[in-house]
Amino acid sequence: MKLLEILQNIDRRIIYLILALSIILPLLFPIGFPVDITQNTQDVYDLVDKLPAGSVVLLSYDWDAASAPELLPQAEALTRHILDKKLKLVAIALWNQGATFADRVHNTVAPEVGAVYGEDYVNLGYRPGQAVVLNSLARDIHATFPEDVARTKTASIPMMKDIRSIEDIDLVISLSAGDPGLRTYIEQIGAQYPVTITGGVTAVSVPGMLPYLQSGDLVGLLAGMSGAAEYENLIDRPGLGLGGMDAQSISHLVIIAFILIGNIAYLAGGRKKK
Amino acid sequence: MRREVPIVVTFVSGILFLLDYFIKIPYVSENVVGQFLDWAIIVAAFALILGAANIFRIHIYKIVKGKKEWWNSLILLVAMLVMAVVPIIWTQQNAVYTFLFKNIFENLNGTMFALLAFYIASAAYRAFRVRTKEAAVLLVSAVVVMLGATPIGAKIWSGFPEYSGWLQTIFTTAGMRGIMIGASLGAIVTALRTIFGIDRSYFGGQ
Amino acid sequence: MLEEIFVVNRLVLFGITVAIAVIMLIAIRRAKKGKKYFIRRIAGLEAIDEAVGRATEMGRPVHFSPGIASLSEETAAQTLAGLAVLGYVARLTAKYDTDLIVTNRMAEVLPITEEVVRQSYLSEGKPENYNPDNIIFLSDEQFAYAAGCMGIMSREKVAANIMMGAFWAESLIFAEGGFVAGSIQVAGTANTHQLPFFLAACDYCLIGEELFAAGAYLSQDPMQVASIRVQDIGKVAAVLLIIVGTIASTCNWPVIIDFLAKFAS
């Protein structure tokens with residue numbers, strides 16, 4: 001009986017320790033579970049893939065360092081695909097750290113695909129003001145983002161000469177860890193302008209985005225690290241996303257195991273203990 | 001004046017933005033509303049100075065008075081100044097800022113988010129007890145959704161991803177929609193109450 | 001002509017907004033004339049008195065967070081609703097001489113929380129007990145703010161942790177921080193994806209619209225209570241629209257579907 005009591009009241013530090021091991025060990029010794037492509041990821045891929053060369057994609061970095069493990073792999077995979085397809089990429093950020101991550105992604109991907117700053121891609125950086133920034137950007141990108149991150153005048157950047165308002169954008173992608181983010185784009189841009197909106201979110205935000213997917217306001221969705229892993233599979237470039245999937249799988253199993261242990265002990269112990 | 005000015009500003013800007021969403025009068029939409037948008041961005045940026053002033057006031061007081069663990073306040077102020085001043089002067093592509101961001105800030109921030117995994121495990125272990133029939137349904141759904149979200153789930157049983165998707169798109173979304181509709185109505189009413197000056201809690205309720 | 005001025009695909013929404021505003025103003029007018037509207041009991045809000053009372057008995061502070069949303073996004077209404085609850089909590093702590101710590105993530109919300117708390121202490125006749133150093137801006141970084149809150153909860157041994165507003169991933173960090181500190185916890189948010197965390201880890205939780213009704217419920221101001229009435233009417237209208245929409249798309253009635261596609265897409 002004592003064992004049942006212990007199993008019902010496992011110290012939280014023991015739970016933390018076992019969970020930590022379940023994350024660290026698969027990262028050190030990968031298992032390589034196969035990753036299947038979901039329809040939502042396929043839809044995002046198709047949107048980018050079907051755009052003709054020269055089309056303009058707005059990629060919004062609406063996240064911070066905390067969400068980087070989930071959204072940085074998504075950003076890398078998407079940027080690689082966009083620049084590889086010879087599309088024009090305009091990166092902006094509604095979160096202040098987003099611009100730094102945009103720089104990092106560009107520095108990694110651009111040399112690999114031979115993209116040139118100012119001609120193929122640009123990083124306009126962060127503006128405070130949240131939803132208001134999107135309303136303003138839709139009317140006039142140059143006024144909302146007068147300079148890029150390196151403080152070059154937006155008007156003097158070659159590729160930005162013809163990209164002035166939301167009407168010059170062919171696809172909006174928001175990678176978001178919350179608001180302002182994908183939902184803000186749907187409500188402020190999607191509701192007012194005829195531009196397709198897609199994006200990626202952290203796994204915890206997925207249920208909140210499902211109604212928008214069903215209503216068609218949002219087309220396709222990358223869901224957390226698994227979304228990144230699937231996209232990496234689609235562009236055939238394994239990266240950070242696929243690398244983290246084993247750890248995610250095993251840690252999910254560990255959490256389920258703890259829930260089941262607690263319940264079995266609870267039921268076997270006659271439901272007396274809290 | 002302390003009462004009237006905020007009410008008038010709220011009413012005018014609220015009505016203007018609300019109407020602009022439905023009715024587009026070219027001059028008003030581009031110039032007046034556009035101007036308000038610029039002001040809003042500038043005011044939001046200035047609010048950060050207020051926040052910084054609050055931090056300075058509280059922590060300088062702690063340092064000067066030698067309060068308990070005053071050195072933490074000192075570290076906070078130095079870190080804040082460095083992370084603010086360096087990118088303002090030398091842009092955020094500067095090597096010092098990039099180094100501090102990548103090697104200190106990013107890791108600290110990531111650690112806080114990573115704590116969630118541990119807290120979820122601990123909270124789920126405590127909360128998911130089959131005390132009632134409803135709790136049992138919740139437990140089974142949670143297990144199916146969690147397994148359906150990972151590659152290992154599909155390997156255990158191919159039905160997990162399918163049923164996970166079914167649970168999420170049918171039941172979760174239905175519930176979410178219900179709460180969203182209720183919350184949206186609440187948000188609309190709260191917004192209208194604020195615009196019409198009926199709810200003045202945002203400036204002390206007077 | 002209509003299409004030149006109106007954004008045509010928002011006409012239905014425009015009609016609904018005008019209808020809500022008109023019904024609200026009528027309800028308020030009736031309330032002014034003395035009509036009393038019923039508002040159901042909300043357990044989470046009743047628990048606030050209990051939570052502050054417990055903190056008073058223990059001689060430990062109350063922590064309040066108005067959420068982490070700014071005032072310039074669609075979740076601003078949640079912050080405003082949270083501020084209404086803050087006014088009530090501050091009046092209670094003023095009355096019982098209990099310390100109240102308010103933490104802010106958004107700089108623009110800081111002067112408002114300061115003013116709300118100051119006014120509440122003033123209205124309870126205890127302006128001298130108002131301590132501006134307890135109204136703290138921690139950081140506009142989400143997780144730096146969360147870390148700061150956890151630190152305050154554990155250092156100050158907070159007895160009651162009240163969280164009302166828009167929360168995201170930090171919700172569980174707060175709730176676990178409060179749990180470890182042994183606080184009684186009351187939370188409320190309309191961010192549906194965070195509700196499961198609050199429900200799992202807090203003693204009481206306001207779900208969605210309950211948060212927006214909080215100000216009216218706590219103040220019992222007849223005009224505010226009357227405005228809540230509109231939410232109920234809106235819900236009935238939403239249910240009817242869902243039924244009509246479901247039947248129309250199931251039976252494939254083009255008139256209704258085309259109307260909605262044109263005026264409410």
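Chain A is the first sequence line, chain B the second, and so forth, proteins listed ahead of strands; every chain is numbered from 1. This one's a predicted model, so the numbers in the text were calculated from it and none came from an experiment.
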| message | One pair to check against side-chain contact (heavy atoms from CB on, under 4.5 Å): Ile198(B) and Met24(C). What are the steps and the verdict? | response | CA-CA 11 Å; Ile198(B) 298 159; Met24(C) 190 177 86; 3.9 Å; yes
| said: Could you check whether atom CZ of Phe56(B) has more than 12 heavy atoms from other residues, nucleotides or ligands sitting under 6.0 Å from it? | reply: yes
| What part of Ala169(C) is in contact with chain B, defined as an atom under 4.5 angstrom from a non-hydrogen atom: side chain, backbone, both or neither? | both
| query | Given that the side chain runs from C-beta out, which part of Tyr21(B) has a heavy atom under 4.5 Å from chain C: side chain, backbone, both or neither? | reply | both
| request: Could you look at Met106(C) and say if it's the side chain, the backbone, both or neither that has a heavy atom under 4.5 Å from chain B? | output: neither
| task | Taking the side chain as every heavy atom from C-beta outward, state whether Glu108(C) and Leu50(B) have any atom pair closer than 4.5 Å. | result | no
| note | Here the pair of heavy atoms bringing Ile55(B) nearest to Phe137(C) is CG1-O, 3.3 Å
| field | Part of Asp140(C) lying under 4.5 Å from any heavy atom of chain B | value | side chain
| message | Can you tell me which portion of Leu195(C) sits under 4.5 Å from chain B's heavy atoms? Options are side chain, backbone, both or neither. | response | side chain
| remark: If one checks every heavy atom of Ile207(C) against chain B at 4.5 Å, the contacting part turns out to be side chain
| Which residues share a side chain to side chain donor-acceptor pair (under 3.5 Å) with Gln93(B), sequence neighbours left out | Asp103(A)
| Counterpart residues, side chain to side chain donor-acceptor pair (under 3.5 Å), relative to Glu170(C) (two or more places apart) | Gln142(C)
| Is it the backbone or the side chain of Ile120(B) that comes under 4.5 Å from a heavy atom of chain C, or both, or neither? | both
| said: Testing the basics here: between Gly182(B) and Glu209(C), what is the closest heavy-atom pair and its distance to 0.1 Å? | reply: O-CB, 3.6 Å
| field | Where Leu172(C) and Ala123(B) come nearest, the two heavy atoms and their spacing | value | CD1-CB, 4.3 Å
| task | Could you tell me which portion of Ile188(B) (side chain, backbone, both or neither) has an atom closer than 4.5 angstrom to a non-hydrogen atom of chain C? | result | side chain
| query | Which atom pair, heavy atoms only, marks the closest approach of Asn109(B) to Phe143(C)? | reply | OD1-CB, 3.1 Å
| query | So what's closer than 4.5 Å to chain C heavy atoms on Phe105(B): side chain, backbone, both or neither? | reply | side chain
| request: Let me know if Gln231(C) has heavy atoms under 4.5 Å from chain B in its side chain, its backbone, both or neither. | output: both
| field | Ile23(B) side chain reached by Phe14(C) side chain, heavy atoms, under 4.5 Å | value | yes
| query | With a 4.5 angstrom heavy-atom cut-off, which part of Gln78(C) approaches chain B: side chain, backbone, both or neither? | reply | neither
| Toward chain B, the part of Pro196(C) with a non-hydrogen atom under 4.5 Å | neither
| task | Below 4.5 Å from any heavy atom of chain C, which atoms of Ile181(B) appear? Answer side chain, backbone, both or neither. | result | side chain
| message | I want to check a possible cation-pi pair here: Arg193(B) against Phe212(C), using under 6.0 Å from ring centre and within 45° of the ring axis as the test. | response | no
| Side chain, backbone, both or neither: which part of Ile242(C) has a non-hydrogen atom closer than 4.5 Å to chain B? | side chain
| said: Taking side chain as everything from C-beta outward and backbone as N, CA, C, O, which of these in Leu138(C) sits under 4.5 Å from a heavy atom of chain B? Side chain, backbone, both or neither. | reply: backbone
| field | Most chain C-contacting option - heavy-atom pairs closer than 4.5 Å, from Ile195(B), Leu185(B), Leu18(B) | value | Leu185(B)
| message | If I measure from the heavy atoms of chain B, does Leu110(C) come under 4.5 Å with its side chain, its backbone, both, or neither? | response | side chain
| Top contributor to chain C contacts, counting heavy-atom pairs under 4.5 Å, from Arg57(B), Arg126(B), Arg177(B) | Arg126(B)
